[in-house]
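Convention: sequence-line order gives letters A, B, ...; per-chain numbering from 1. Because the structure is a prediction, the values reported are computed rather than measured.
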There are 2 protein chains.
Amino acid sequence: MLPSAQAPLYEIKANLFKGLAHPARIRILELLAAAPQETAAVSYLLAETGLEASHLSQHLATLRKHKVVTSVRTANAVTYRLAHPGISQLLAIARTFLLDNLADSNEQLRLAQQLPAGHLAGGAAS
Amino acid sequence: MLPSAQAPLYEIKANLFKGLAHPARIRILELLAAAPQETAAVSYLLAETGLEASHLSQHLATLRKHKVVTSVRTANAVTYRLAHPGISQLLAIARTFLLDNLADSNEQLRLAQQLPAGHLAGGAAS
DNA sequence: CCTTGATATGATGAATTCATCAATCCATCA
DNA sequence: TGATGGATTGATGAATTCATCATATCAAGG
């Protein structure tokens, strides 16, 4: 059920978050958010994510379905763009929230051990 | 797979959004966001949402699992609280994004009909 | 102890999403 | 036209989430 003027706003919001609820789609969106004019070609996304073409297409289709991205075909190339600046804001806020969670984990670890916590996260990509 | 210091950040983000990807949970979070100190009792959430107790509990458990809320039991009452101010920011941004989508829908409708669009959404709750 | 109120958990079938491969479509070129 | 490159769609089984009811747990009072 897609966003519709007839659906309650909480349903519309939940649907938006469903569109964001997969790691591969987060990676795609972050590549777009970091690209000039929040726009990138499928070929670029393909190279950067390392996904198989059909897998990437499926995820892009989901993002289109949820109106998180828009696409334009130019000859044999298709480019995708974030549909709204709010998307990158959502990603940015999710980052601060999660970094705080990491800080909390550090705090709990320290209280548990009564020792200064070493560094916990060394491999976080984005 | 819960947020862990070892998981890539895009997986952590996707997991956060999974926690938000259900209408009932959005409603709960918005009630909390609007409550004093972003805190409310289960009994209050029960009355406001109209959900059955076990259904509400299941959703609250999901929100706890995703660290979107925290809970405290005081005697036979349990209160929930947003775990981070970022949550209400996510909801607020989702709102602006979606309102823009409504505006877009209005624009397309107008172009299609070459007539001023009447009001489309009259029943949106939140 | 039993009863009551408040809340959480367990279990199960239905629905949806995910992962993945095959096939198809679109555009270009010789 | 056929071949090639770029991108999408269709199909299917596995995994996860959702919906819902039964049961259990926690806390307080008589």
Review point. Which one, D:dT8, C:dA8, C:dC18, comes nearest to the side chain of A:Leu60?
Key: D:dT8
Practice item. Identify which nucleotide among C:dT9, C:dA27, C:dA8 has an atom closest to any side-chain atom of A:Arg73, counting heavy atoms from C-beta outward. Key: C:dA27
Practice item. Write down the distance between CG (A:Asn15) and P (C:dT17), rounded to a whole number of angstrom. Key: 8 Å
Study note, to complete from the structure: Looking only at C:dA8, C:dA27, D:dT8, the nucleotide nearest the A:Asn76 side chain is C:dA27
Exercise for review: Could you check whether A:Ser43 gets within reach of a base, just the sugar-phosphate, or nothing at all, counting any heavy atom under 4.0 Å?
Suggested key: sugar-phosphate
Review point. Separation of B:His59 atom NE2 from D:dA19 atom C1', in whole Å?
Key: 8 Å
**Study point:** Main-chain N/O of A:Gly19 paired with A:Arg25 side-chain donor or acceptor, under 3.5 Å
**Key:** yes
Check your understanding: Considering heavy-atom distances to DNA chain C, does A:Thr62 or B:Tyr44 have its closest nucleotide positioned more toward the 5' end?
Key -> B:Tyr44
Point to revise | B:Glu30 bridged to A:Lys13 by N-O distance under 4.0 Å | key: yes
Review point. Do side-chain atoms of B:His66 reach the backbone of B:Lys18 as a donor and acceptor pair under 3.5 angstrom?
Key: no
Practice item. Select base, sugar-phosphate, or nothing to describe what B:Ala75 touches, counting heavy atoms under 4.0 Å on all strands. Key: sugar-phosphate
Point to revise | B:His55-D:dT20 aromatic stacking (under 5.5 Å, under 30°) | key: yes
Revision key, fill the gap. In whole angstroms, the gap separating P of D:dT17 from NZ of B:Lys65 amounts to 5 Å
Review point. Counting only N and O atoms by type, is there a donor-acceptor contact under 3.5 Å from the side chain of B:Arg27 to the main-chain atoms of B:Thr49?
Key: yes
**Study point:** For atom CG of B:Leu56 and atom C1' of D:dC18, their distance in whole Å
**Key:** 15 Å
Review point. Closer than 4.0 Å, any side-chain N/O of B:His22 to the OP1 or OP2 of D:dA19?
Key: yes
Check your understanding: At under 4.0 Å, does any side-chain N or O of A:Arg64 touch on OP1 or OP2 of D:dT9?
Key -> yes
Exercise for review: Give the rounded distance in Å between these two atoms: CD of A:Glu52 and P of D:dA7.
Suggested key: 15 Å
Check your understanding: Is there a donor and acceptor pair, one atom on the side chain of A:Gln58 and one on the base of D:dT8, closer than 3.5 Å?
Key -> no
Practice item. Quickly work out the B:His66 NE2 to D:dT16 C1' distance and round it to whole Å. Key: 11 Å
Exercise for review: Specify the separation, in whole Å, of atom CG of A:Leu63 and atom P of C:dC18.
Suggested key: 10 Å
Revision key, fill the gap. Result for 5'-nearest mapping on DNA chain C, choosing between A:Ala77 and A:Ser54, is A:Ser54
**Study point:** 5' precedence on DNA chain D between A:Ala61 and A:Lys18 (nearest-nucleotide basis)
**Key:** A:Ala61
Check your understanding: Could you state the CG-P distance from A:Leu45 to D:dG6, rounded to the nearest angstrom?
Key -> 14 Å
Practice item. Using atom types as modelled and distance alone, determine if a side-chain donor or acceptor of B:Thr39 lies under 3.5 Å from a backbone N or O of B:Ala35. Key: no
